[in-house]
Amino acid sequence: MMAGDVASAVINEAGGPPEWLSLALDASPLDVRSLLAQGVDPFATVMEAASGIEFGGSLVIDAPFNPSPLRRILAGRGFSSYGRKLNEGHWRVFFHLDGGVDWESGAEVDVGPEGAMTWREEDGLHIDVRKLTPPNPMLAILRLIERAGPGETVVVHHEREPHFLAPELAERGWRIARVSSEVVNVRLWLERMS
């Protein structure tokens with residue numbers, strides 16, 4: 001896909017692209033799909049690439065899914081981002097180092113005592129516990145469900161399925177309603193039991 005094709009695909013997104021997008025279209029994408037397919041976490045590679053970007057510069061990432069946690073991490077480091085699903089299993093996300101505004105939703109990201117990031121999206125309260133050492137993922141998840149509102153869904157971003165989580169949730173009146181597994185990204189949708 002050529003830069004013009006990407007521009008066409010991105011412009012079709014509701015609300016239109018940000019003004020800085022034209023500056024990012026010429027950047028060569030860093031394609032992390034093959035790393036993920038091999039079971040390799042591309043986080044260090046992406047962060048190394050991001051550290052070499054000067055103010056006003058751009059980074060483009062091709063991934064098999066919308067890398068929401070990565071977008072939030074880079075937003076915290078001054079990058080604005082704009083993403084588009086080009087086809088099944090192929091997202092292209094443009095990052096622009098401009099001092100950063102939180103991407104798309106304008107949601108605020110909180111970092112808990114265990115190091116987990118939490119934020120709200122339309123589908124619920126999200127928590128990213130990847131990269132945390134045990135027992136911190138479970139502690140962060142349990143702390144979050146205690147403050148979740150009635151009827152609110154909690155979406156957990158994890159590196160693997162946490163087998164010891166289900167009994168702890170059940171004791172607190174919660175259950176794992178749905179699981180989605182990608183190579184190094186497992187999402188769990190947690191709901192209160194009826």
Side-chain angles (χ1 to χ4, degrees), residues 13-14 32-47 61-77 81 83-93 102-194:
E13 186 169 288
V32 299
R33 293 174 296 168
S34 62
L35 291 173
L36 289 166
Q38 297 168 28
V40 176
D41 186 345
F43 183 76
T45 303
V46 171
M47 295 312 287
I61 305 290
D62 280 357
F65 51 84
N66 182 9
S68 300
L70 174 67
R71 292 175 74 175
R72 292 184 184 284
I73 289 168
L74 289 178
R77 295 181 183 207
S81 68
R84 184 71 174 141
K85 182 177 182 179
L86 300 178
N87 56 51
E88 196 59 42
H90 188 184
W91 275 77
R92 181 159 290 167
V93 183
D102 205 358
W103 65 279
E104 291 176 0
S105 65
E108 302 233 352
V109 178
D110 293 320
V111 179
E114 298 86 7
M117 292 188 306
T118 60
W119 68 95
R120 287 190 190 281
E121 289 187 23
E122 288 180 15
D123 62 342
L125 186 57
H126 286 246
I127 183 168
D128 188 345
V129 297
R130 293 176 294 177
K131 303 293 180 201
L132 299 183
T133 57
N136 289 322
M138 185 177 303
L139 294 173
I141 293 165
L142 296 177
R143 183 184 322 276
L144 184 62
I145 65 169
E146 293 300 321
R147 68 174 208 207
E152 187 163 38
T153 298
V154 173
V155 182
V156 177
H157 299 257
H158 211 302
E159 293 171 317
R160 62 192 168 281
E161 286 193 46
H163 298 290
F164 299 114
L165 179 62
E168 295 293 330
L169 291 172
E171 282 184 22
R172 291 161 176 82
W174 284 75
R175 67 183 180 93
I176 299 172
R178 189 173 102 207
V179 177
S180 169
S181 295
E182 294 157 352
V183 178
V184 291
N185 185 30
V186 175
R187 288 191 191 183
L188 306 146
W189 283 262
L190 311 181
E191 299 174 345
R192 291 187 198 274
M193 289 188 226
S194 300

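Because the structure is predicted, anything quoted here is derived from the model rather than measured.
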Fill in the blank from the handout: Residues H157 and P69: closest non-hydrogen pair is ND1-CG, 4.0 Å

Exercise for the section: Decide yes or no for V155 and L188: does some side-chain heavy atom of the first lie under 4.5 Å from some side-chain heavy atom of the second? Expected result: no

Exercise for the section: Check E114 against L132 and note the closest heavy-atom contact, atom names and distance. Expected result: O-CD2, 3.2 Å

Practice task
To the nearest 0.5 angstrom, please state how far the CG atom of N87 sits from the CZ atom of R92.
Solution key: 10.0 Å

Handout entry: Nearest heavy atoms of P162 and R160, plus distance in Å
Key = CD-O, 3.2 Å

Exercise for the section: Step by step, work out the side-chain contact (heavy atoms from CB on, under 4.5 Å) result for L142 and R172. Expected result: CA-CA 9 Å; L142 296 177; R172 291 161 176 82; 3.8 Å; yes

Practice task
Measure the spacing between CG of L190 and CZ of R175 and express it to the nearest 0.5 Å.
Solution key: 10.0 Å

Exercise for the section: Go through the steps for I176 and L169 under the test side-chain contact (heavy atoms from CB on, under 4.5 Å), then give the verdict. Expected result: CA-CA 8 Å; I176 299 172; L169 291 172; 3.7 Å; yes

Handout entry: Pairwise side-chain contact, W174 with M193, heavy-atom cut-off 4.5 Å (strictly under)
Key = no

Problem - Nearest non-hydrogen partners of S68 and R187, listed with the distance - result: OG-NH2, 4.4 Å

Exercise for the section: For V154 and I141, run side-chain contact (heavy atoms from CB on, under 4.5 Å): C-alpha distance rounded to whole Å, both residues' side-chain angles, the deciding distance at 0.1 Å, then the answer. Expected result: CA-CA 9 Å; V154 173; I141 293 165; 5.5 Å; no

Exercise for the section: Return yes if some donor-acceptor pair links the side-chain N/O of R147 with the main-chain N/O of R143 below 3.5 Å, else return no. Expected result: no

Handout entry: D123 and W189: CA distance, side-chain angles, deciding distance, side-chain contact (heavy atoms from CB on, under 4.5 Å) verdict
Key = CA-CA 9 Å; D123 62 342; W189 283 262; 3.7 Å; yes

Exercise for the section: Report yes or no: do R71 and S81 form a side-chain donor-acceptor pair below 3.5 Å? Expected result: yes

Exercise for the section: Please name the pair of heavy atoms, one in F65 and one in L36, separated by the smallest distance, quoted to 0.1 Å. Expected result: CE2-CD1, 4.0 Å

